[in-house]
Amino acid sequence: DQALAGDALLVGAGMKAVVQRRYGPPEMLEYTDVGRPVVGDGDVLVSVRAASVHPGDYFVMTGVPSIVRLAFGLRRPRHPIPGRDLAGVVEAVGAAVTDLQPGDEVFGWSTAGTLAQYASVPADQLVRKPERLTMEQAATVPTSGITALQALRDIAHVQPGHTVLVTGASGGVGTFAVQIAKLLDAEVTGVCSTRNVELVRALGAAHVIDYTRTDFTQAGRRYDVILDNVEAQPLQAVRNALTPTGTLIPNSGRGGRWVGPLGRFVKARVRSLVTRQTLKPFTSVQKRQDLRTLAGWLEAGELTPVIDRTYRLSAAADALRYVGAGHTRGKVVVTV
């Protein structure tokens, strides 16, 4: 058997997985046989039932913008199996794991890849799946849900009565952000395309702006918080839609080939030094307690995942291609 570079997986036996040997387009992905991952003392072997993919997975796959390679491998991906979010059933636990056992239904994240039949996951990156959710729904939550929660609660400090505008309100982070802002008792405005207006309204937005008809930066209204998931408008124009002491969180943007959205993030930081407005880009940090917070809302029916399309594991390349094209309606899920 031939070992895959950068990982302990072996080609030829054990499980099916999607494997990436070098950076490039979805055509670079292989659906093949590999060995099951090794389970350490603090790890859990999960039989993956569903995994979601998002723009970050696409950037890591292509290696563009180039800055992503500093974190994920300079010449090729450090972990050959793509994917981060998953839901599934515990198959086995390491010797030090006491709060999970075989048969538990869980969801969470793994940096070692989730587009496979099995994944080895540190126990503190998993939470029991809410009973009311399907595996597909649960798999959509970890990255996008935690990003939306931390942006609104921890970075913007949204309070009851705040006015919050979410661009890309029908996307992966956006659909969670609209609902979470409402759960925080804010007055929510969502920005989306014509075909998604009713969806965003159904998620709880008090106001919905169709960007094909109205430019929110020219509409005359100002907001306490803007979560910008799109970067469709110049930074200064978006600032004009903030209150004098409002908070802007730039959360996306492809930017240039080399540094991606980093240039816009740096510009936002610099401008924060000379204005009472807060321009605060951030990188979410996945935390088990935040996933538990989301699980509580999900179990209570106060938060609902939105799924655009599902693909089989063998068609994961098509799933990533679809995400890379933009304009997803909620999340894209790969079933295993």
Worksheet item: Has the side chain of Arg84 got a donor or acceptor atom that lies under 3.5 Å from a matching backbone atom of Ser110?
Response: no
Discussion item. Looking at Glu136 and Thr310, would you say the former's side chain and the latter's main chain have a donor-acceptor pair under 3.5 Å?
Written reply: no
Worksheet item: Stepwise, does the side chain to side chain contact (heavy atoms under 4.5 Å, CB included) test hold for Phe176 with Thr140?
Response: CA-CA 10 Å; Phe176 285 111; Thr140 70; 3.7 Å; yes
Item to complete: Could I get the full list of side-chain hydrogen bond (donor to acceptor under 3.5 Å, both in side chains) partners for Glu187, not counting sequence neighbours?
Response: His207, Arg221
Practice prompt. Among Val158, Val225, Leu149, Val164, find the residue that satisfies the side-chain contact (heavy atoms from CB on, under 4.5 Å) test when tested with Leu184.
Written response: Val158
Worksheet item: Would you say the side chain of Thr167 lies within less than 4.5 Å of the side chain of Tyr211, judging by non-hydrogen atoms?
Response: no
[X] to [Y] - nearest heavy-atom pair and separation:
X	Y	result
Ala317	Pro26	O-CB, 3.5 Å
Thr214	Ala219	CG2-CB, 4.3 Å
Ala116	Leu313	N-CD1, 3.9 Å
Tyr23	Met28	O-CG, 4.3 Å

Worksheet item: Do Arg128 and Asp104 sit within salt-bridge range, that is, some charged N less than 4.0 Å from a carboxylate O?
Response: yes
Discussion item. Under the criterion side-chain hydrogen bond (donor to acceptor under 3.5 Å, both in side chains), I'd like the reasoning laid out for Thr143 against Gln286: C-alpha separation, chi angles, the key distance, then a yes or no.
Written reply: CA-CA 7 Å; Thr143 295; Gln286 288 179 293; 3.1 Å; yes
Worksheet entry | With sequence neighbours excluded, residues passing side-chain contact (heavy atoms from CB on, under 4.5 Å) with Thr245 | Thr243, Arg276
